[in-house]
Student: 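Sharing a structure below in structure tokens format, with a few things to ask.
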Amino acid sequence: MSENHTHFIKHIVTKDMEEGSYEEIVTRFPPEPNGYLHIGHAKSIVLNFELADEFGGRTNLRFDDTNPLKEDKEYVDAILEDIHWLGFEPEAVRYASNYFDEMYRQAVRLIERGLAYVEDLSQEEIREMRGTLTEAGKESPSRSRSIEENLELFEQMKQGEFGDGEKVLRAKIDMSSPNINLRDPVLYRISHTEHHNTGSDWCIYPMYSFAHPLEDAIEGVTHSICTLEFEDQRPLYDWVVEHAELDGEPKQIEFARLNLTNTVMSKRKLKQLVDENYVDGWDDPRMPTISGLRRRGFTPESIKQFCREIGVSKADNLVDVRMLEHFLREDLKLKAPRTMAVLDPLKVVITNYPEGEVEWLPADINPENEEMGTREIPFSREIYIEREDFMEDPPKKYFRLYPGNEVRIKHAYFIKCHDVIKDENGEITEIHCTYDPETKSGSGFTGRKVKGTLHYVDASEAVPAEFRLYDSLIDDEAAGDSFLDHVNASSLKVQHGFVEPNMKNVQPHDKFQFFRHGYFNVDPKDSTSEKLVFNRVVGLKSSFKLK
RNA sequence: AGGGCUAUAGCCAAGCGGUAAGGCAUCGGAUUUUGAUUCCGUGACUCGCAGGUUCGAAUCCUGCUAGCCCUGCCA
């Protein structure tokens, strides 16, 4: 199911395997535990895991925890949960911090071979001497220090004899390189910070550009897949691999990260939305995080299928969110039970229906999947329909209920409106209809046809429920400098209505298709047996337009 | 602009010298007890632009244009 999709990375791997460059293909998914995973990460996860799987290889999950200032165990746990939920099982779970000893050894070997030196200059001085995009940099005086002195200084850095920022270890490459990443990049910095994994064992931490290739080489990663912004770092990646005294020879391949319409996709921005309370948390159903999508009601399969279908390339892209929604509908179409919910109730009294009588009508649970069987739903003299399903003065082509019009009540009877009851403000409070017993659903009645079929909930057995309807978090109509100016103020709409009586015992994450409304998920945090809460995942498509 | 990369329909995206796949979206039409689903139909005389090579070019070459990324002791 995941195949028939080809892309440039697959071509590279195929060629490598044909040429026998590697015994097996090994990939890795390397998140930094400084935030929650989002759907952009899902693209990378699916790519890495399924690529290795297709070629009979393996994939590690490796936390890139080289910067204790930003990282936290909370994020590690959330990431673990999200990957598991998506349905992937890493060959091994590793941490960059597992390799700190080895990385230190490699750094020492670099110094011993005259390929790295300890820098005395301040951060500002380093920056000034690095040059600019169009001018070469200048070599630091520290560059000519002896190997012995470098070794001693680096040892002192490790021993904690310097404060944060006082010294740094730099690679000795080329201060005049047109690629700024090669102008003696920093390899190690000092940070007297507690690490979530190694505690206070270390006060020097390797930089990403030094650590990452080493991690890949240590784990035997063959294809190290990352996003486009690391392209300029590839020469440095290769430099580290070449000079490291390790067997692995991983190569870095870059692809374009995912962008989605009407959403932001950077951990920094998402964290800001959380920290500044624009949303409920990382798992707010409006967030593009894996946990947000999960709470909203997206399924792992829909997310994975989306990730497969958008493809992998190097071109900047902006994918329409409706594509994601498409795959959710696709996944739930045959799986989700149909049920009826009235989100904005309007009472209908069926004046010729006997008072006090209730009949239970059979209703299929999923007409597209008969194996799901049937349920029984009540029908009596008073029912609720959707307020928008009645108009006193309808436009043309409106084939729902209006005075004098007859419609079908799903699974029940035809009803015809004969009276509209209003309060003193002119607000419609209820409508009166008659029903025709001969038109009962399942009776085979063909005497006449109606254009509209309305869903309903029986008033005497109705179960109150809350419905949360979501709109995009980011509105591209608004203008402003910051993405915060584009936050959609009405991205959440809450309605209170009713569901069928057999919905009383729903469980968190149960998913339903509410007839004519869309797919809904039982909210895992706020729904209780006393107060049901349903999140609308996506609506049904509709070609209905008023006017 | 010094370097790195990208450009195929509204949006993704195949294509790798032999005459433009597929998906999403849109718009029609048929069926329909969900204005849903399903089914059929719908768009590139042309692949950023201009030249060149070739019997033949989206694919090769040259030049140009536009967009993205790079001057953290972040990843």
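Heavy atoms only: backbone and side chains are in, while hydrogens, waters and symmetry mates are out. A, B, ... follow the sequence lines: proteins, then strands. Residue 1 opens every chain.
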Student: Would you mind telling me which residue lines up with the more 5' stretch of RNA chain B, Met323(A) or Glu330(A), judged by nearest nucleotide?
Tutor: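 By nearest-heavy-atom nucleotide position, the 5'-most residue is Met323(A).
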Student: Classify Glu32(A) by what it touches in the nucleic acid, base, sugar-phosphate, or nothing, heavy-atom distance under 4.0 Å.
Tutor: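 Answer is sugar-phosphate: Glu32(A) comes under 4.0 Å of backbone atoms only.
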Student: Kindly say whether the aromatic ring centers of Phe154(A) and Tyr188(A) come within a distance under 6.0 Å.
Tutor: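 Ring-ring flag for Phe154(A)/Tyr188(A): true, centres closer than 6.0 Å.
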Student: Of the candidate nucleotides rU34(B), rA13(B), rC68(B), which contains the atom at the shortest distance from the side chain of Gln513(A)?
Tutor: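 Minimum distance to the Gln513(A) side chain belongs to rU34(B).
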Student: Would you mind telling me which of Trp202(A), Phe100(A), Tyr95(A) makes a ring-ring contact (aromatic ring centres under 6.0 Å, His included) with His195(A)?
Tutor: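 Running ring-ring contact (aromatic ring centres under 6.0 Å, His included) over Trp202(A), Phe100(A), Tyr95(A) with His195(A) returns exactly one hit, Phe100(A).
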Student: Of the nucleotides rC73(B), rA75(B), rA25(B), which one has an atom closest to the side chain of Arg322(A)?
Tutor: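 Selected nucleotide: rA25(B).
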Student: When all nucleic acid strands are considered with a 4.0 Å heavy-atom cut-off, which category describes Phe230(A): base, sugar-phosphate, or nothing?
Tutor: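 If one applies the 4.0 Å heavy-atom cut-off, Phe230(A) turns out to touch a base.
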Student: Just to be sure I understand the rule, does Ile310(A) reach a base, reach only the sugar-phosphate, or reach nothing, if contact means heavy atoms closer than 4.0 Å?
Tutor: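 The answer is sugar-phosphate, as Ile310(A) gets under 4.0 Å only of primed atoms, P, OP1 or OP2.
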Student: Name the nucleic acid region contacted by Gln233(A), choosing base, sugar-phosphate or nothing; use a 4.0 angstrom heavy-atom cut-off, strictly under.
Tutor: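 Base, at least one base atom sits under 4.0 Å.
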Student: Taking all heavy atoms of Ile303(A) and all of Ala42(A), pick out the closest pair and write down the distance.
Tutor: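 Distance-wise, the nearest heavy atoms are CG2-CB, 3.9 Å.
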Student: If you only use heavy atoms from C-beta on, which nucleotide in rU34(B), rC68(B), rC73(B) is closest to the side chain of Asp316(A)?
Tutor: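 Side chain of Asp316(A) sits closest to rC68(B).
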Student: Is there a side-chain polar atom (N or O) of Lys541(A) under 4.0 Å from OP1 or OP2 of rA25(B)?
Tutor: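 Indeed, a polar side-chain atom of Lys541(A) lies that close.
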Student: Does the side chain of Arg329(A) get closer than 4.0 angstrom to OP1 or OP2 of rA36(B) through an N or O atom?
Tutor: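 So the side-chain polar atoms of Arg329(A) never come under 4.0 Å of the phosphate oxygens OP1 or OP2 of rA36(B).
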Student: Go through the N and O atoms of the side chain of Arg400(A) and the base of rG35(B), and report whether any donor-acceptor pair is under 3.5 Å.
Tutor: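 Answer is yes: a donor-acceptor pair is held.
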Student: Pick the closest RNA chain B nucleotide for Gly131(A) and for Pro206(A) by heavy atoms, then say which residue is nearer the 5' end.
Tutor: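 Counting from the 5' end, the first nearest nucleotide belongs to Gly131(A).
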Student: Using Watson-Crick and G-U wobble pairs with both distances under 3.5 Å, what is the 5'-to-3' dot-bracket string of RNA chain B, with [ ] for crossing pairs and | for pairs outside the strand?
Tutor: .(((((((.[[[..)..(...]]]..((((.......))))......[[[[[..)....]]]]])))))).....
Student: Taking only side-chain nitrogens and oxygens of Lys333(A), does any of them come within less than 4.0 Å of OP1 or OP2 of rU38(B)?
Tutor: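 Result: yes.
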Student: Please check the phosphate of rC24(B) (OP1 and OP2 only) for any side-chain N or O of His326(A) closer than 4.0 Å.
Tutor: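 For rC24(B), OP1 or OP2 has a side-chain N or O of His326(A) closer than 4.0 Å.
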Student: Scan Leu318(A) against the nucleic acid and name what it touches under 4.0 Å (heavy atoms): base, sugar-phosphate only, or nothing.
Tutor: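 The answer is sugar-phosphate, as Leu318(A) gets under 4.0 Å only of primed atoms, P, OP1 or OP2.
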Student: Kindly compute the distance separating CE (Met157(A)) from CG (Asn150(A)), expressed to the nearest 0.5 Å.
Tutor: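 The CE atom of Met157(A) sits 10.5 Å away from the CG atom of Asn150(A).
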Student: How many whole angstroms separate atom CD of Gln252(A) from atom P of rC5(B)?
Tutor: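 So the two atoms are 12 Å apart, to the nearest Å.
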Student: Would you say the ring centers of Phe534(A) and Phe514(A) fall short of 6.0 Å from each other?
Tutor: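 Between Phe514(A) and Phe534(A), which both carry aromatic rings, the centre distance is below 6.0 Å.
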Student: Tell me the closest heavy-atom pair linking Val407(A) and Phe399(A), and the distance in Å.
Tutor: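 Result for this residue pair: CG1-O, 4.0 Å.
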Student: Can you see if the side chain of Ser543(A) gets near the phosphate of rA36(B) - specifically, an N or O under 4.0 Å from OP1 or OP2?
Tutor: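 Answer is yes, contact under 4.0 Å.
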Student: To the side chain of Asn67(A), which of rA75(B), rA14(B), rC24(B) is closest?
Tutor: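 So the side chain of Asn67(A) is nearest to rA75(B).
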Student: Considering just the side-chain nitrogens and oxygens of Arg408(A), establish if one lies under 4.0 Å of OP1 or OP2 belonging to rU32(B).
Tutor: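 Arg408(A) to rU32(B) OP1/OP2: no side-chain N or O under 4.0 Å.
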Student: Is Glu229(A) salt-bridged to Arg257(A), cutoff N-O under 4.0 Å?
Tutor: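 So Glu229(A) pairs with Arg257(A) through a salt bridge.
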Student: What integer distance in Å separates Met207(A):CE from rC73(B):P?
Tutor: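 Rounded to the whole Å, the gap is 6 Å.
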Student: Less than 6.0 angstrom from the centroid, inside 45 degrees of the normal: does Lys440(A) satisfy that with respect to the ring of Tyr413(A)?
Tutor: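 No cation-pi geometry.
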Student: Between atom CG in Leu182(A) and atom P in rG2(B), what is the gap in whole Å?
Tutor: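 Spelled out: CG on Leu182(A) to P on rG2(B) is 19 Å.
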Student: Rounded to whole Å, please give me the gap between NZ in Lys314(A) and P in rU8(B).
Tutor: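 Rounding to the nearest Å, NZ of Lys314(A) and P of rU8(B) are 16 Å apart.
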Student: Check every strand shown and say whether His517(A) touches a base, only sugar-phosphate, or nothing at a heavy-atom separation below 4.0 Å.
Tutor: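 Counting heavy atoms under 4.0 Å across all strands, no contact is made by His517(A).
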Student: So what does Ser313(A) hit on the nucleic acid, given a heavy-atom distance under 4.0 Å: a base, only sugar-phosphate, or nothing?
Tutor: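 It contacts sugar-phosphate atoms only.
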Student: What is the nucleic acid contact for Arg183(A), judged by heavy atoms within less than 4.0 Å: base, sugar-phosphate only, or nothing?
Tutor: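 Result for Arg183(A) = nothing.
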Student: Give Ile409(A) one of three labels, base, sugar-phosphate or nothing, depending on what nucleic acid heavy atoms sit under 4.0 Å from its own.
Tutor: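 Answer is nothing: Ile409(A) stays at 4.0 Å or more from every strand.
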Student: Starting at atom NE2 of His195(A), determine the distance to atom C1' of rC74(B), rounded to an integer number of angstrom.
Tutor: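 One finds 14 Å between C1' of rC74(B) and NE2 of His195(A), rounded.
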Student: Take the protein atom CG of Asp389(A) and the nucleotide atom P of rU34(B), then report the distance between them rounded to whole Å.
Tutor: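 It is 13 Å, rounded to the nearest whole Å.
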Student: Tell me, please, whether Phe544(A) has Arg400(A) positioned over its six-membered ring: NZ or CZ under 6.0 Å from the ring centre and within 45 degrees of its axis?
Tutor: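 Yes; both conditions hold, so Arg400(A) lies above the ring face of Phe544(A).
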Student: Respond yes when some side-chain nitrogen or oxygen of Ser191(A) is under 4.0 Å from OP1 or OP2 of rC73(B), and no when none is.
Tutor: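 Negative; the distance criterion is not met.
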Student: Hey, does the side chain of Arg308(A) come within less than 4.0 Å of rG23(B)'s phosphate (OP1/OP2), counting only N and O?
Tutor: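 No, no such contact exists.
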Student: Are His11(A) and rG15(B) close enough that a side-chain N or O sits under 4.0 Å from OP1 or OP2?
Tutor: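 For rG15(B), OP1/OP2 do have a side-chain N/O of His11(A) under 4.0 Å.
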Student: Applying a 4.0 Å non-hydrogen cut-off, can you work out what Phe399(A) is touching in the nucleic acid: base, sugar-phosphate, or nothing?
Tutor: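 Counting heavy atoms under 4.0 Å across all strands, the contact made by Phe399(A) includes a base.
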Student: Of all the nucleotides listed (rG2(B), rA75(B), rC5(B)), which has the minimum atom distance to the side chain of Glu231(A)?
Tutor: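 That would be rC5(B).
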Student: To check you understand the geometry: which heavy-atom pair defines the closest contact between Glu254(A) and Arg234(A), and what is its length?
Tutor: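 Looking at all heavy atoms of both residues, the shortest contact is OE2-NE, 2.8 Å.
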Student: Indicate whether OP1 or OP2 belonging to rG4(B) is found under 4.0 Å from a side-chain N or O atom of Arg234(A).
Tutor: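 Arg234(A) to rG4(B) OP1/OP2: no side-chain N or O under 4.0 Å.
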Student: Looking only at the side chain of Phe515(A) (C-beta and beyond, no hydrogens), which of the listed nucleotides rC73(B), rU34(B), rG2(B) gets closest?
Tutor: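 The answer is rU34(B).
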Student: Anti or syn, where syn is a glycosidic angle within 90° of 0; which label fits rG4(B)?
Tutor: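 Nucleotide rG4(B) adopts anti.
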Student: Ignoring hydrogens and angles, answer whether the base of rU34(B) and the side-chain atoms of Arg338(A) contain a donor-acceptor pair closer than 3.5 Å.
Tutor: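 By the distance-only test, yes, there is a pair.
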Student: Contacts to RNA chain B from residues 440-453 of chain A, heavy-atom cutoff under 4.0 Å, which residues?
Tutor: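 Residues of residues 440-453 of chain A under 4.0 Å from RNA chain B: Ser441(A), Gly442(A), Thr453(A).
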Student: Centroid separation under 6.0 Å, is that true for the rings of Phe255(A) and Phe8(A)?
Tutor: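 Centroid distance Phe8(A)-Phe255(A): not below 6.0 Å, so no.
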Student: Answer yes or no for Lys410(A) and Phe515(A): cation-pi contact, defined as NZ/CZ to six-membered ring centre under 6.0 Å and angle to ring axis within 45°.
Tutor: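 That pair does not qualify as a cation-pi contact.
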Student: Taking the minimum atom-to-atom distance to the side chain of Asp232(A), which one of rU71(B), rG4(B), rA75(B) wins?
Tutor: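 Looking only at side-chain atoms, Asp232(A) lies closest to rG4(B).
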Student: Would you please test Arg516(A) and Glu386(A) for salt bridge (Lys or Arg N to Asp or Glu O under 4.0 Å) and show each step?
Tutor: CA-CA 10 Å; Arg516(A) 299 206 300 143; Glu386(A) 215 62 62; over 6 Å; no
Student: Counting the atoms with a prime plus P, OP1 and OP2 as sugar-phosphate, which does Thr261(A) contact under 4.0 Å by heavy atoms, base, sugar-phosphate, or nothing?
Tutor: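 Nothing, no nucleic acid heavy atom in range.
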Student: Between His411(A) and His455(A), is the ring centroid distance below 6.0 Å?
Tutor: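 Not under 6.0 Å, so no.
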Student: Using a heavy-atom cut-off of 4.0 Å across all strands, would you classify Leu121(A) as base, sugar-phosphate, or nothing?
Tutor: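 Base: the residue Leu121(A), judged by heavy atoms under 4.0 Å, touches a nucleobase.
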Student: Would you say Ser177(A) reaches rG3(B)'s phosphate, i.e. side-chain N/O to OP1/OP2 under 4.0 Å?
Tutor: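 Indeed not, no polar side-chain atom of Ser177(A) lies that close.
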Student: Phe306(A) CZ to rA13(B) C1': how many Å, rounded?
Tutor: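 The distance from CZ of Phe306(A) to C1' of rA13(B) comes to 13 Å, rounded to the nearest Å.
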Student: Rounded off to whole Å, could you give me the CD-to-P distance for the Glu309(A) and rA25(B) pair?
Tutor: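 It is 12 Å, rounded to the nearest whole Å.
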